[in-house]
Amino acid sequence: MMGSLAPLAASNLLELVVRATILLSAALALAWLARKGPAGVRHLLWTITFALLLGLPVVSFLGLSWEVPVFRSASMPTEQRFFEIPPIQADANGFITPPASESSLPLAGPTRQVQVGEPESPARSISRLLLFWAVGCAIGLTSLVLGGVRFARLVRTASPVRDPALIRQAEALRQRLGIHNDVELLVSQTTTTPMTGGLLRRVILFPASAAEWSPERWRVVLMHEMVHVRRRDVLRHLMGRTVLALYWFHPLSWAATMLAATASEEACDQEVLTLGTRPSEYAAHLLALAGSTSARRPALTLPMSQQSHSQLERRIMAILSPFRPSRSGIGTALMVTVLGGTGVSATVVDPVQILSSDTVTAEVVAWIGGSGVGNEREEDILGRVTTVAADRNGLVYVADGLPPSVRVFRSDGEFLAWIGRRGEGPGEFSWEPVDILATADGRLIVKADRITTFAASADSEYPDSVADTWRFPGYFSTQYWRARFLDGVYYYPHYDNWRDSTDYYYLKFGPTGQLVGDTAYVPALGGLSRQRSSYYRVGASGGRMVYGLNIAPFAPRADWDMTQRGTIIVGDGETYQLQEFDQDGQLLRTIDGPEVERRSVPRAEYADSMRAVEARIDSLPVPLDDVFSVAPEIRRGELPDSLPGYLSLHVGASDRIWIERWPAEGMASSRFYDVLEYDGRYAGTVVAPVPLLSDPPPFFGEDTIVGVVIDPTTEVHRVVVLRFSLAK
């Protein structure tokens, strides 16, 4: 599991570097603009910067984002949160009879969607980049902890200041500065400079040499350290050190930490001067303390004079400068606003692409089906929608499996009638209807346990009476769509999965159910056909199905459909190139879709899919090697790292070819379809602004899309009708 998460963490680290660079660059620019202003403003700037930098990893982990549109690139980007796994026929106990061969046998058939979340890039070993960062971070945090331990040791070995005059002076200064909690005054034999530390227990440490100080030096040092306490500079210092530990690799973080430390001391100096200390006297005491300081191992404190020569020189010059910059409320508010806006943007902004001029968004014109809550009419309650269709008059047909039935609606969602319900009589269904075909002459052909043709009576606007019915042979599968009715022949999609490779084909039936003519085969699918479900043996003559392992997420899957001309459009799913064949398997032409740039799988989706696959493998009661028909990528422990050319293809009205593309980034709840005219011309891209299911597939009309949406909370099925207009 750790291995599969490594790419996600490494990729997030790179994104974190970019966001941190933006934030630090903005802070450095503002600090330079405010270089002649009050040091307190600069210190506030760095405090806000450090807080935002500490929040970056948290926001990245939670996945919070604010999508900002940008212009679309030449390729259509993406985010898809489903992968498909096909079902397989089984008995009531969930057992199947395995084939004689143990090879992976593909199965054609419908697919059902299983939501697994979002992904990333392959790799089963911990990223070197991530490991490199983690080592540096651990060293920085360890140093921070050791500094706290050293300060605790200094406090533990120190003795309290007992001079009553100094204690009274400290108490008066504490009240003057508005410090509510007590501040301990301690003398340490091991420190060489005054320092402040402690978050909950506030402590000021004085060196043993302080016994020789003059009252003026005691007063100056006490003021300086008390101002640190009032400003909570120890907490700010801890934030800076933590930022340095997390972003140790970033040179700007080191620069920011040094500038923040300087700004902290300069802000403290300026407040001491405002309390009435003469600049020359204060500078003299500071120089004297710096001269008596010796280098020691750092503790988590704020030493008064332990700074570099250049920093100390800058402090002295600022103290002796006759110019005292005053703090401007407007300027401070402006700086905080700019930095806050930059920080929030760098933290949560997620650029997404806006659509190009040849892309149109379909408009939702009707919802069919209830919400599943409250008292609703029976005709508005959908159980499990198995297929949808529409006719040239705008009527919408919805097939339901719970209970088996077909309903007809107007395009605005108004219910008209039931067409068949559960039963054994004429026009009734004992099995769920799985395919609806509205013919050009106004009839409706419904495929369930038998084929039933409905026709409109003289005074009806919809098919309301049974015109014909006949049954399939018992061994035929009913779980497949894509039926066609051409020149009086019903083309029934079927497959043969008891061979080394799956054969897809259409059986041709005449008006009374007799087989006519030769079978129309679907060529060129090869090894990219949908595979049969994985399984493991149970005893000598049976097996149990295992869903989720037969097809790897993001693996290309061939797809196909039949035109109204009787030809078959086929694509391998890997490239954006389609082929058209006649019913004898002869290649008629090759169709090139819009130019597509292959893209990497989005990082979050890869990681989530890998986690889902690993969880599925962990749940197996047998070793993975004992499971048959497992996708080779899953058996190798990796997933494809690039997206296939497309998701699916469909032939709609006027033989338009609809190719479902990966949604644009930030638009995972929409569906994108590139539309090609029959002659191969690109007509445009249609965006359905709702998460249409691919099982059952949408219906594509001249200007209408009818599809199924499932509520992720209630799992209620609803049908949506959309309208679009493509430029002619």
Side-chain angles (χ1 to χ4, degrees), residues 80-82 84 109-113 115 359-369 382 384-392 394-401 406-409 411-413 433-438 444 446-447 479-484 493 557 559-564 569 571 573 646-663 667-676 683-711 716-726:
Q80 182 72 6
R81 306 188 177 208
F82 298 91
E84 298 177 329
T111 60
R112 63 188 183 90
Q113 293 182 324
Q115 185 170 3
T359 300
V360 299
T361 300
E363 176 187 3
V364 175
V365 296
W367 285 97
I368 296 173
L382 300 177
R384 184 181 68 248
V385 177
T386 55
T387 186
V388 293
D391 62 20
R392 293 184 176 182
L395 299 182
V396 176
Y397 303 94
V398 178
D400 199 343
V406 175
R407 278 167 270 190
V408 56
F409 299 84
S411 59
D412 60 2
V434 295
D435 200 15
I436 300 175
L437 180 60
L444 187 71
V446 181
K447 180 174 67 174
Q479 300 293 315
Y480 209 51
W481 313 286
R482 304 178 191 271
R484 294 292 184 192
R557 272 151 278 172
D559 209 357
W560 52 275
D561 204 351
M562 178 177 278
T563 69
Q564 296 295 330
I569 306 292
Y646 56 88
L647 292 169
S648 62
L649 73 85
H650 313 268
V651 176
S654 300
D655 282 341
R656 275 178 169 168
I657 303 170
W658 292 71
I659 306 172
E660 183 179 358
R661 292 277 296 275
W662 297 87
M667 301 182 69
S669 60
S670 299
R671 299 293 178 261
F672 284 68
Y673 301 96
D674 289 339
V675 184
L676 305 180
T685 298
V686 176
V687 180
V690 288
L692 299 178
L693 299 182
S694 62
D695 175 6
F699 169 86
F700 299 96
E702 295 284 357
D703 59 357
T704 303
I705 301 175
V706 182
V708 181
V709 176
I710 183 171
D711 187 289
V716 170
H717 283 207
R718 301 185 72 189
V719 174
V720 59
V721 182
L722 304 106
R723 290 278 172 79
F724 64 90
S725 177
L726 287 173

Sequence-distant partners of Tyr397, side chain to side chain donor-acceptor pair (under 3.5 Å), two or more places apart: Asp391

Qualifying residues under side chain to side chain donor-acceptor pair (under 3.5 Å), relative to Ser654, sequence neighbours excluded: Glu702

What's the spacing between [X] [atom1] and [Y] [atom2] if we round to 0.5 Å?
X: Leu722; Y: Arg671; atom1: CG; atom2: CZ; answer: 12.0 Å
X: Arg384; Y: Ile710; atom1: CZ; atom2: CD1; answer: 11.0 Å
X: Asp674; Y: Ile657; atom1: CG; atom2: CD1; answer: 11.5 Å
X: Arg407; Y: Ile368; atom1: CZ; atom2: CD1; answer: 10.0 Å
X: Ile659; Y: His650; atom1: CD1; atom2: NE2; answer: 10.0 Å

For [X] against [Y], the heavy-atom pair lying closest together:
X: Pro689; Y: Ser670; answer: CA-OG, 3.6 Å
X: Ser725; Y: Val360; answer: O-CG1, 3.7 Å
X: Ala366; Y: Gly413; answer: CB-N, 3.7 Å
X: Ala683; Y: Leu726; answer: O-CD2, 3.9 Å
X: Thr386; Y: Gly401; answer: CG2-N, 3.9 Å
X: Ala438; Y: Ala390; answer: CB-O, 3.8 Å

Trp658 and its ring-ring contact (aromatic ring centres under 6.0 Å, His included) partner, picked from Phe699, Phe672, Phe724, Tyr646: Phe724

[X] side chain near [Y] side chain, heavy-atom distance below 4.5 Å:
X: Arg484; Y: Thr563; answer: no
X: Leu692; Y: Val709; answer: yes
X: Asp561; Y: Ile569; answer: no
X: Arg718; Y: Asp711; answer: no
X: His717; Y: Pro696; answer: no

Whether Thr361 side chain and Val687 backbone form a donor-acceptor pair below 3.5 Å: no

Working for side chain to side chain contact (heavy atoms under 4.5 Å, CB included), residues Val434 and Thr387: CA-CA 6 Å; Val434 295; Thr387 186; 5.8 Å; no

Any residue meeting ring-ring contact (aromatic ring centres under 6.0 Å, His included) with Phe409, in chain and number order, not counting sequence neighbours: Phe415

Partner set under side chain to side chain contact (heavy atoms under 4.5 Å, CB included) for Thr704, not counting sequence neighbours: Val706, Val721, Arg723

Sequence-distant partners of Arg392, salt bridge (Lys or Arg N to Asp or Glu O under 4.0 Å), two or more places apart: none

